[in-house]
Undergrad: 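Could you have a look at this structure, given as structure tokens, before my questions?
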Amino acid sequence: MTEGARSGGAFWRPGRVRLVLGFVAFANLAMAATLLWALHGPGESGQLMDFGALWAAGQMAGEGRAADAYDLPAITAVQSEALGRDYEREMAWLYPPFLQLALIPFGLLPMLASQALWTGLTLALYLAVCRRILPDPGALLAALAPATVVLLAVNGQTGFLVAALGGIALLGYDEGRAGRGGVALGLLAVKPQVALMLPLPFLLRGPWRALGIAAAVVAALCIAATVVFGVGIWAAFLSGLEIASRDLGRPEVLDNQATLRAALVTAGAPGALGWAGQGALALAALGALLHTLRRHPAAAVAAAAAYASLAISPRVMDYDLLLLVIGGLFQARRIGEAGGPGWERAAMAAALLLPLADLLLKLPLNWLAAPLLLATLVAAEGRRAQSGSDTGPSTG
């Protein structure tokens with residue numbers, strides 16, 4: 001361990017770190033359990049959360065009317081029937097048709113049972129991937145520490161699944177396993193806007209075969225959806241994308257986005273200024289990722305790709321932020337292998353707490369996490385290179 005690694009002081013000793021992470025993780029789980037009980041416990045009428053759209057899309061697909069899920073009044077009617085009263089929120093179905101194939105079994109169950117199964121399975125996969133990236137008990141605690149975990153446990157969105165697939169893809173890159181990386185990249189087509197930069201390490205360093213495998217997986221998914229649902233499903237999907245484009249400007253959607261554009265517009269800036277700021281951040285993040293690709297080992301590149309993906313994307317919801325945990329675990333592994341300054345760990349901890357600060361202060365702070373982590377990684381890797389602890393570019 002280098003002198004820089006020791007400079008964080010006693011607070012950063014692993015035992016202390018695990019204790020703090022364990023406390024935050026336990027608090028998150030307790031908060032999630034309390035909220036779920038308040039929403040769905042005895043005597044409560046229940047409240048349909050985000051999972052209602054996934055469940056309704058699966059049920060409609062199982063009934064042979066998958067295309068209707070992209071019609072907002074039709075899917076709202078299904079959700080209202082499940083709730084037992086009018087469902088007044090707009091919870092449109094915007095995912096690609098092939099996700100509906102996987103959701104058909106969930107649509108056969110009662111909505112709450114289906115949500116519990118979905119959340120349990122995707123959370124288990126996410127935790128397994130986190131432990132695979134960093135085989136340390138602290139990895140599981142870190143995975144459960146962001147407030148995003150509470151949001152996903154209550155709302156039942158796709159964040160656990162997307163983070164897990166991102167982790168599998170980056171493990172494939174880190175270990176030089178084209179099959180694993182390619183299949184995960186292909187499956188990330190369910191939500192490509194939050195994984196924009198994950199293919200870049202494969203493209204510039206390899207294994208290049210992973211990109212061909214990813215393309216084959218996407219083609220197979222599209223063919224399967226077409227065979228099961230019919231060609232018309234794609235016209236319905238395109239109409240759903242129009243809703244997504246409209247949603248980019250809705251105040252209630254902007255409040256839940258973790259992008260610089262959303263933060264600027266929410267603060268009153270003109271839309272053009274929001275897009276300009278987002279574009280500038282995207283260019284900076286791409287430059288940082290390319291710099292890391294040229295100079296640093298695979299674990300650092302994996303972390304940078306995860307961070308850059310969320311910094312660049314113009315549509316990142318607050319429940320998508322767990323991809324940053326995936327990057328953070330690769331960065332933590334680098335610290336364990338090569339050492340690192342105390343401020344690197346402090347910045348990672350601050351980024352980990354940003355979702356909680358955003359939730360409590362009602363300020364648009366979530367967008368800061370990705371650029372903060374990316375800047376910290378680049379600066380720390382530069383310091384490691386100067387001290388001679390950088391092992392150089394590697395894909396294995």
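Computed from a prediction, not measured in an experiment: that's the story for all the values here.
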Undergrad: Please determine whether side chain to side chain contact (heavy atoms under 4.5 Å, CB included) holds for the pair Tyr126 and Val325, giving the CA-CA distance in whole Å, both sets of side-chain angles, and the decisive distance to 0.1 Å.
TA: CA-CA 10 Å; Tyr126 164 68; Val325 174; 3.4 Å; yes

Undergrad: Any donor and acceptor pair, going by atom type alone, linking the side chain of Gln257 with main-chain N or O of Ala263 inside 3.5 Å?
TA: no

Undergrad: Check step by step if side chain to side chain contact (heavy atoms under 4.5 Å, CB included) holds for Gln79 and Trp55.
TA: CA-CA 9 Å; Gln79 294 175 84; Trp55 173 82; 5.6 Å; no

Undergrad: For the residue pair Ala306 and Leu324, what are the closest heavy atoms and their distance?
TA: O-CD2, 4.3 Å

Undergrad: Apply side chain to side chain contact (heavy atoms under 4.5 Å, CB included) to the pair Leu204 and Leu290, showing each step before the final yes or no.
TA: CA-CA 9 Å; Leu204 297 183; Leu290 291 173; 3.7 Å; yes

Undergrad: With no hydrogens and no angle check, is any side-chain donor or acceptor of Tyr307 less than 3.5 Å from a backbone partner on Gly328?
TA: yes

Undergrad: How close do Ala299 and Arg334 get, counting heavy atoms only, and between which atoms?
TA: CB-CG, 3.6 Å

Undergrad: Quick check: are there more than 12 heavy atoms from other residues, nucleotides or ligands sitting under 6.0 Å from CZ of Arg65?
TA: yes

Undergrad: Determine the minimum heavy-atom distance between Leu141 and Ala25, stating which atoms define it.
TA: O-CB, 3.8 Å

Undergrad: Taking Phe106's backbone N and O only, do any of them form a donor-acceptor pair with Ser114's side chain (distance below 3.5 Å, no angle check)?
TA: yes

Undergrad: Within the 4.5 Å heavy-atom criterion, are Leu200 and Leu286 side-chain neighbours or not?
TA: yes

Undergrad: Do Asp320 and Met317 make a side-chain contact, defined as non-hydrogen atoms from C-beta onward lying under 4.5 Å apart?
TA: yes

Undergrad: Same cluster or not: Phe229 versus Val231, using hydrophobic residues (I, L, V, M, F, W, Y) connected whenever any side-chain heavy atoms lie under 4.5 Å apart?
TA: no

Undergrad: Counting N and O atoms only, with roles assigned by atom type, does the side chain of Ser313 sit under 3.5 Å from a partner on the main chain of Leu310, one being a donor and the other an acceptor?
TA: no

Undergrad: Looking at CD1 of Ile312 and CD of Gln193, how far apart are the two atoms once the value is rounded to the nearest 0.5 Å?
TA: 14.0 Å

Undergrad: Closest heavy-atom contact between Ala57 and Ile75?
TA: N-CD1, 4.2 Å

Undergrad: Any chance you could measure Leu121, atom CG, to Leu161, atom CG, to the nearest 0.5 Å?
TA: 10.5 Å

Undergrad: When hydrophobic residues are tied together by side-chain contacts of less than 4.5 Å, even through go-betweens, does Met60 share a cluster with Leu108?
TA: no

Undergrad: Relative to the ring of Tyr173, is the ring of Phe202 parallel (under 30°), tilted (30 to 60°) or perpendicular (over 60°)?
TA: perpendicular

Undergrad: Which pair of non-hydrogen atoms, one from Ala214 and one from Leu185, has the smallest distance, and what is that distance?
TA: CB-CB, 3.8 Å

Undergrad: Given side chains that start at C-beta, do those of Leu127 and Leu144 come closer than 4.5 Å, heavy atoms only?
TA: yes

Undergrad: Between the main-chain N or O of Ala311 and the side-chain N or O of Gln278, is there a donor-acceptor pair closer than 3.5 Å?
TA: yes

Undergrad: Measure the CG-CG distance between Asn366 and Leu260 for me, rounded to the nearest 0.5 Å.
TA: 13.0 Å

Undergrad: Kindly compute the distance separating OG1 (Thr148) from CG (Leu322), expressed to the nearest 0.5 Å.
TA: 5.0 Å

Undergrad: Keeping the roles fixed (side chain from Trp275, backbone from Pro314), state whether a donor-acceptor pair exists under 3.5 Å.
TA: no

Undergrad: Distance check, rounded to the nearest 0.5 Å: Glu381 atom CD versus Arg295 atom CZ?
TA: 10.0 Å

Undergrad: Treating Ile, Leu, Val, Met, Phe, Trp and Tyr as nodes and any side-chain heavy-atom pair under 4.5 angstrom as an edge, say whether Ile104 and Val78 lie in one connected cluster.
TA: yes

Undergrad: Between the main-chain N or O of Ala178 and the side-chain N or O of Trp208, is there a donor-acceptor pair closer than 3.5 Å?
TA: no

Undergrad: Indicate yes or no: at least one non-hydrogen side-chain atom of Arg384 is less than 4.5 angstrom from one of Glu344.
TA: yes

Undergrad: Measure the acute angle between the ring planes of Tyr70 and Phe237, then classify it against the limits of 30° and 60° as parallel, tilted or perpendicular.
TA: perpendicular

Undergrad: More than 12 foreign heavy atoms under 6.0 Å from CD of Glu63: is that the case here?
TA: yes

Undergrad: Under the 3.5 angstrom rule, does the side chain of Arg180 hit a backbone N or O of Ile168 as a donor-acceptor pair?
TA: no

Undergrad: Is Gln157 reaching over with its side chain to a backbone N or O of Leu152, donor-acceptor style, under 3.5 angstrom?
TA: no

Undergrad: Looking at side-chain heavy atoms only, is the closest gap between Phe160 and Leu125 below 4.5 Å?
TA: no

Undergrad: Donor-acceptor pair, Ser309 side chain versus Met197 backbone, under 3.5 Å?
TA: yes

Undergrad: Cluster question for you: counting only ILVMFWY and a side-chain heavy-atom cut-off of under 4.5 Å, with indirect links fine, are Phe98 and Val227 together?
TA: no

Undergrad: Less than 4.5 Å apart, side chain to side chain, heavy atoms only: is that true for Leu72 and Trp93?
TA: no

Undergrad: Would a 4.5 Å heavy-atom cut-off, applied to side chains only, mark Leu203 and Leu211 as touching?
TA: yes

Undergrad: Would you kindly confirm whether Leu99 and Leu117 end up in one hydrophobic cluster when ILVMFWY residues are joined by side chain heavy atoms under 4.5 Å apart?
TA: yes

Undergrad: So how far is it from Tyr95 OH to Leu103 CG, rounded to the nearest 0.5 Å?
TA: 9.5 Å

Undergrad: Return the minimal non-hydrogen interatomic distance between Val154 and Ala32, and the atom names on each side.
TA: CG2-O, 4.2 Å

Undergrad: Evaluate the side-chain proximity of Leu373 to Met348: yes if any heavy-atom separation is below 4.5 Å, no if none is.
TA: yes

Undergrad: Quick one: do Leu151 and Asp318 satisfy side chain to side chain contact (heavy atoms under 4.5 Å, CB included)? Show the steps, please.
TA: CA-CA 8 Å; Leu151 183 65; Asp318 47 11; 3.3 Å; yes

